[in-house]
Number of protein chains: 4
Amino acid sequence: MKKKMNTQDAIVEAAFTLIARHGLKGTSLSMIASEVGISKPAIYYYFPSKEELVDYLFHIVFDDHHFSAYFSINEYTKENFEKRLITDGVRYFEEYKHNSPALKVVHEFVLSAAQKPKYEKKLKSIMEQFLEGFEALLSYGVELGVISSKNTKVNAHSLALIIDNLGNFMILGIEMDYKKIWETAVSNVMKGSERF
Amino acid sequence: MKKKMNTQDAIVEAAFTLIARHGLKGTSLSMIASEVGISKPAIYYYFPSKEELVDYLFHIVFDDHHFSAYFSINEYTKENFEKRLITDGVRYFEEYKHNSPALKVVHEFVLSAAQKPKYEKKLKSIMEQFLEGFEALLSYGVELGVISSKNTKVNAHSLALIIDNLGNFMILGIEMDYKKIWETAVSNVMKGSERF
Amino acid sequence: MKKKMNTQDAIVEAAFTLIARHGLKGTSLSMIASEVGISKPAIYYYFPSKEELVDYLFHIVFDDHHFSAYFSINEYTKENFEKRLITDGVRYFEEYKHNSPALKVVHEFVLSAAQKPKYEKKLKSIMEQFLEGFEALLSYGVELGVISSKNTKVNAHSLALIIDNLGNFMILGIEMDYKKIWETAVSNVMKGSERF
Amino acid sequence: MKKKMNTQDAIVEAAFTLIARHGLKGTSLSMIASEVGISKPAIYYYFPSKEELVDYLFHIVFDDHHFSAYFSINEYTKENFEKRLITDGVRYFEEYKHNSPALKVVHEFVLSAAQKPKYEKKLKSIMEQFLEGFEALLSYGVELGVISSKNTKVNAHSLALIIDNLGNFMILGIEMDYKKIWETAVSNVMKGSERF
DNA sequence: GATGAATGAGCCTTCATTCAT
DNA sequence: CATGAATGAAGGCTCATTCAT
């Protein structure tokens, strides 16, 4: 699959794998180097410091991790709204099931954010953007008349909280009916949902 | 208040504060020793190794962090159920607002859990116990007739997911109407809640 | 001679010897440690960093290297002035002959001063203090009537320049009649010296 | 002026500038390469090793730094001797004022000489040649009858010591009346100088 | 002529840990 | 109870150097 990968990509991939396994601080350049099969200083040919390598990972991870990558608002219609919201959400947290290193690394960053102001700011904005994404989507649903106009913000935030944490619980391997939980959450924000 | 704290407690407290600030790996025994004002080897008098100190912290933290510490099911009645569920929940995540070291340390453990099987098991069980706590509480609500008998498990998990993540978002300093979100979540699981 | 020297002193001495031989940058903590016969981190028990060790050496060296350590103005009289000035000077640069590490280290600092502003300031003040020392001494000679009142400052500076550089040349092992040169220099500043 | 300088010269010039600023050991090939705007291995095309590059600089520096470059004995006459000696000397150490990299590099070499026998020998001979230059010049003055025949060697060495150290003090930025000092020194060796 | 890629050696520093006292 | 003194292992990083292209 990746016979002749270039060194830089190999470093990045190894870094992902190792950070997912041992954490940001628990992963040393030596470990990365030996995983890639190169010498330690070789890493410095591609990244000026460990910090910049980590920054690079940060960007890679979060450039793919934005609301519109999972929920494309322009494909939502009056007819498919609820269904679409459900399937998009499922698609989102199912990714966690496959346990990709990238997702664990996201968690590393979330945690380290509390200690590194540099990441904190960026991360906060990413999460806020997620919240705003849900808000925009629900507002659109209100426009379409499929969602009650009340409490749009609170509902959006609720959905965000649930879907985000579903991923966290999945990583820990806690068993719950993820799909049903999400369906119920979505249903709760829909106008005159089938619950009644 | 803590004039003559014994050394062991001082170590534990310093460890909490520092781990909250610098993370598990970012906190060294030197830092703890100098924070307490003792010599490094002194720590070894009380804890055979850093790992065992951390284990001790783990137990302290999670012995206080169980469902019934926040939600005392036996104080719930037909009349106060919803209100009580709301106020208990608010009390739970408001603790995060005060940014207590203990809570940040909980997060450290949650994260390191993914890397240390030893913690993973314990942590999983703690979280599952939380889930079960909500299940038991809601079941009791069903018994009391204030909660619909449908989807108890899903509803319980939804509440758990929301309240847990409200804390996470608070730590990051993301602004949302925490109380309203929780109220809505609770209201959604109540039978014939005021929303309708 | 120094069978049971304490570790700190041993480190300092080794540092002197090695810096004299290999220069400031050419001397590593490993070298010092192995010269002393201890492990590298042991040095950190006594000095928080290489830089602070070097600073310490700087102070040791220059605390002994001030004008009054060689020329005690209060012992100069009308009668012994010239003789005393000569012998004190000889005593000064004869020290260089024994090639003590400390003196070579002085030279290292003088050189590194051009690159490290921190040392530059201190060093400049030390040298200026030397210049002022000669000025004060010659002024005293004027008072005593053994030195012409003309050009005191220039004469003082000339003496300083000569005596300082005599040491430099000695270190390089260049052969010259050091004593005679100094005698002549002193004689030149004396009033009605025997030369005429 | 140096639009299309060839690479070798660019390397040499960059090396001079950087060594003047950071010292011999403090200057790495990477620094030189990036200053010149070439790749590190490119330097190896012109110089087989850092050591040989340094050797080359050594020769460049000291090929220009010899007595006759500053004092052209054949232009000295009975009439202009003193004046000429003064102006030539001033010209010599005024070069230090402009802080040319080459001069700082000279100092680097002087210092490293104490550590590298290879340079020590060469440097010693250069300095001795300076001493001999002054001796020859003063001998010529004796021939011309403008300088007393006594103590020629000592006088020559005194002049050398003073003029050399004037440069050193200048580099450190110590303020003194450089010109006057040199004038006095010259005057002291002249026969029946105006001092009397 | 010059470079991209890589390396072994070595540097300063920190860490968890030990042990005699 | 507690410390002073010390250590092996490891971490991030830089350096001079090499070599195929």
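Per chain, numbering begins at 1; letters A, B, ... match sequence-line order.
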Fill in: Counterpart residues, salt bridge (charged side-chain N to carboxylate O under 4.0 Å, His left out), relative to Lys25(B) (two or more places apart)
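So Lys25(B) forms no salt bridge (charged side-chain N to carboxylate O under 4.0 Å, His left out) with any residue.
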Discussion item. Expressed as a whole number of angstroms, how long is the span from Leu24(D):CG to dC15(F):P?
Written reply: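 In whole Å, dC15(F) P lies 14 Å from Leu24(D) CG.
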Worksheet item: Per the end-axis method with five pairs at each terminus, what is the bend angle of the helix from dA2(E)-dT21(F) to dT21(E)-dA2(F), to 10°?
Response: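 The end axes of the helix from dA2(E)-dT21(F) to dT21(E)-dA2(F) are about 20° apart, to the nearest 10°.
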Worksheet item: Taking only residues two or more places apart in sequence, or in another chain, which ones meet His65(B) in a side-chain hydrogen bond (donor to acceptor under 3.5 Å, both in side chains)?
Response: none
Fill in: Pairing residues for Glu51(A) by the side-chain hydrogen bond (donor to acceptor under 3.5 Å, both in side chains) criterion, not counting sequence neighbours
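Listed in chain order: Lys118(A).
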Worksheet entry | Contact interval (first through last nucleotide) of DNA chain E with protein chain B, 4.0 Å heavy-atom |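 Range of nucleotides touched by chain B: dC15(E) to dC19(E).
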Worksheet item: What are the two closest non-hydrogen atoms of Glu108(B) and Gly23(B), and how far apart are they?
Response: OE2-CA, 3.3 Å
Suppose we screen for side-chain contact (heavy atoms from CB on, under 4.5 Å). Which residues come up paired with [X], at least two apart in sequence or across chains?
X	value
Gln8(A)	Asn6(A), Tyr46(A), Phe47(A), Tyr56(A)
Val106(B)	Val61(B), Phe62(B), Val110(B)
Ser39(D)	Pro41(D), Ala42(D)

Atom [atom1] in [X], atom [atom2] in [Y]: separation rounded to 0.5 Å?
X	Y	atom1	atom2	value
Ile32(B)	Leu53(B)	CD1	CG	5.0 Å
Thr17(D)	Met31(D)	OG1	CE	11.0 Å
Ile43(B)	Lys50(B)	CD1	NZ	10.0 Å

Practice prompt. Pull out every residue in residues 46-60 of chain A that has a heavy atom closer than 4.0 Å to any atom of DNA chain E, ordered by number, or say none.
Written response: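 Correct list: Tyr46(A).
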Worksheet item: Can any side-chain N or O of Glu35(A) pair as donor or acceptor with the backbone N or O of Ala14(A) at less than 3.5 Å?
Response: no
Pick out the pairs of N or O atoms, protein on one side and nucleotides 7-10 of chain F on the other, that lie under 3.5 Å.
| residue | atom | partner | partner atom | Å |
| --- | --- | --- | --- | --- |
| dT7(F) | OP2 | Ser39(C) | N | 2.6 |
| dT7(F) | OP2 | Ser39(C) | OG | 2.6 |
| dT7(F) | O5' | Ser39(C) | OG | 3.3 |

Side-chain donor-acceptor pairs of residues 120-127 of chain C under 3.5 Å, sequence neighbours excluded:
| residue | atom | partner | partner atom | Å |
| --- | --- | --- | --- | --- |
| Lys122(C) | NZ | His59(C) | ND1 | 3.4 |
| Lys124(C) | NZ | Gly173(D) | O | 3.3 |
| Ser125(C) | OG | Lys122(C) | O | 2.9 |

Fill in: Pairing residues for Tyr119(B) by the ring pair (Phe, Tyr, Trp, His ring centres under 6.0 Å) criterion, not counting sequence neighbours
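Per chain and number, Tyr119(B) pairs via ring pair (Phe, Tyr, Trp, His ring centres under 6.0 Å) with Phe58(B), Phe109(B).
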Practice prompt. In whole angstrom, give me the gap between the P atoms of dC19(F) and dG1(E).
Written response: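 The answer is 22 Å between these two P atoms.
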Practice prompt. Take Lys25(A) and Thr7(C), find for each the nucleotide of DNA chain F with the closest heavy atom, and name the residue whose nucleotide sits nearer the 5' end.
Written response: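 Looking at the nearest nucleotide for each, Thr7(C) comes out on the 5' side.
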